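Data block below; observations after.
Here the structure is a predicted model, which means the values were calculated and not measured. Below, chain A is the first sequence line, B the second, and so on; all start at residue 1.
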Amino acid sequence: MPELPEVESLRRILAHSIVGRTIVGASVADPRLRRAVAADLATSIAGGAITGVQRRAKYLLIELHDERLLMVHLGMSGSLTHRHAALDAAGFDPRHDHVSFRLDDGSALVFNDPRRFGLMKLIARAELAAIAELAAIGPEPFAREFDAAYLWKVTRGRATAIKNLLMDQRTVAGVGNIYASEILFRARVRPTRRAGKVTRAELARIATITRQVLREAIGGGGTTFRSYRDSRGQPGRYAKRLQVYDREGQPCGACGAAIRAVVVGQRSSFFCPKCQK
DNA sequence: AAACATTCCTGCACGC
DNA sequence: TGCGTGCAGGAATGTT
């Protein structure tokens with residue numbers, strides 16, 4: 001489910017709700033995620049005081065007082081909800097609540113992931129840069145270095161579709177299937193265009209618009225297409241503002257032509273055949 | 001019942 | 001030949 005805006009929305013909420021709390025205990029009901037949750041996670045994390053919540057690409061990094069970080073990826077269907085015990089025997093999902101952290105105020109932080117494509121592990125801050133999942137990830141879209149010149153450099157000579165490259169985390173961090181279609185629509189570039197053939201002016205638009213779309217989506221609390229919920233169980237409000245994603249056959253808001261769907265790199269993609277070249 | 005918000009791995013083709 | 005890189009396709013899995 002989550003791309004950068006969803007993870008960032010989650011981060012902002014958690015930064016208010018769990019920083020200052022201490023993890024007093026944890027339990028792993030099912031360790032079988034994308035990679036198995038370490039057997040000692042529950043015992044190792046107990047006593048950890050939460051000092052901050054950061055994000056890198058689509059990874060959430062929960063900082064502990066002892067220079068360790070709990071690294072969480074939500075995969076396709078994961079969620080991290082902050083539950084207040086009194087409210088909530090009802091919200092318990094025995095099938096997919098895989099990992100729970102008990103906090104010192106009686107609340108719980110629960111990782112739920114039906115498809116189990118997610119990831120959860122405890123790492124030392126010092127090894128952050130060397131973590132395999134993060135090492136090859138490209139610049140954050142809001143970083144200075146992500147600009148037209150950078151995109152020019154990484155797209156030249158590349159035969160793959162521009163949408164594939166935009167979704168490749170090595171190119172830029174955090175863009176996934178929904179926002180890639182939205183960005184290319186606003187930049188007026190077809191998702192199928194060979195990356196090496198995209199012009200300098202178009203790349204400049206893509207860089208600017210990537211930031212714009214992601215910023216707006218964060219402002220809307222992210223997009224709920226099917227199942228995304230934030231840590232309070234709320235859906236994102238940005239879905240109603242999507243202009244092409246999942247809108248095959250509907251009129252383009254700019255020109256009225258019917259939105260088309262194509263498969264690019266095995267992912268469904270949407271575009272306006274008239275506005276996007 | 002086909003499709004799905006992600007990532008990782010494999011195998012093949014190509015160039016030096 | 002051998003090696004590195006780019007690219008396509010498949011797999012992991014449960015839900016709607």
What's the verdict on side-chain contact (heavy atoms from CB on, under 4.5 Å) for A:R34 and A:E133, showing C-alpha distance, side-chain angles and the deciding distance?
-> CA-CA 12 Å; A:R34 187 164 90 210; A:E133 288 87 349; 4.2 Å; yes
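- Per the geometry, CG belonging to A:L242 stands 15 Å off C1' belonging to B:dC4, to the nearest Å.
- Rounded to whole Å, atom P of B:dC8 lies 14 Å from atom CG of A:L33.
- To the nearest angstrom, P of C:dT5 lies 14 Å from CG of A:D168.
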For A:E202 and A:R193, run salt bridge (charged side-chain N to carboxylate O under 4.0 Å, His left out): C-alpha distance rounded to whole Å, both residues' side-chain angles, the deciding distance at 0.1 Å, then the answer.
-> CA-CA 11 Å; A:E202 289 169 331; A:R193 277 273 291 289; 2.6 Å; yes
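- The side chain of A:P2 lies closest to B:dT6 when the candidates are C:dG14, B:dC4, B:dT6.
- Going from atom CZ of A:R56 over to atom P of B:dT7 covers 12 Å, rounded to whole Å.
- Consecutive Watson-Crick or G-U pairs involving DNA chain C, each under 3.5 Å on both distances, make up stems of three or more pairs at B:2-4 with C:14-16, B:6-16 with C:2-12.
- The aromatic rings of A:Y238 and A:Y179 are tilted relative to each other, their planes meeting at an angle between 30° and 60°.
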Please walk me through it: do A:R11 and A:D230 pass salt bridge (charged side-chain N to carboxylate O under 4.0 Å, His left out)?
-> CA-CA 9 Å; A:R11 185 196 72 76; A:D230 69 22; over 6 Å; no
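- Distance, A:F270 CZ to B:dA3 C1': 10 Å, rounded to whole Å.
- Near DNA chain C, meaning a heavy atom under 4.0 Å away, the residues from residues 115-125 of chain A are A:R115, A:R116, A:F117.
- Salt bridge present: A:R125 and A:E63 bring a charged side-chain N and a carboxylate O closer than 4.0 Å.
- For A:T160 and A:N164, the side-chain atoms include at least one donor-acceptor pair closer than 3.5 Å.
- Atom CZ in A:R34 sits roughly 9 Å away from atom P in B:dC9 (whole-Å rounding).
- Of the candidate nucleotides B:dT7, C:dG14, B:dC4, C:dG14 has the atom nearest to the side chain of A:H96.
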Carefully, step by step, assess A:E216 and A:R186 under the rule salt bridge (charged side-chain N to carboxylate O under 4.0 Å, His left out).
-> CA-CA 13 Å; A:E216 288 173 17; A:R186 281 206 217 171; 2.7 Å; yes
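- Nucleic acid contact for A:R95: sugar-phosphate only, since backbone atoms but no base atoms lie under 4.0 Å from a heavy atom of the residue.
- Mapping A:R226 and A:N164 onto DNA chain C by nearest heavy atom places A:N164 closer to the 5' end of the strand.
- Here C:dG14 presents its P atom at 13 Å from CG of A:D93, a figure rounded to the nearest Å.
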Going through the distances and angles, do A:E182 and A:R241 end up as a salt bridge (charged side-chain N to carboxylate O under 4.0 Å, His left out)?
-> CA-CA 10 Å; A:E182 295 299 309; A:R241 303 192 41 199; over 6 Å; no
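- For the pair A:S268 and B:dC4, the criterion of a side-chain N or O lying under 4.0 Å from OP1 or OP2 is met.
- A:R35 comes within 4.0 angstrom of sugar-phosphate atoms only, judged by non-hydrogen atoms across all strands, and of no base.
- Out of C:dA8, B:dC4, B:dC8, the shortest distance to the side chain of A:T160 is found at C:dA8.
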Working for side chain to side chain donor-acceptor pair (under 3.5 Å), residues A:R83 and A:T81 | CA-CA 6 Å; A:R83 302 179 190 174; A:T81 52; 3.0 Å; yes
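- In this structure, A:E248 atom CD and B:dC4 atom P are separated by 10 Å, rounded to whole Å.
- Between the side chain of A:D113 and the main chain of A:F117, a donor-acceptor pair closer than 3.5 Å is present.
- A:R158 comes within 4.0 angstrom of sugar-phosphate atoms only, judged by non-hydrogen atoms across all strands, and of no base.
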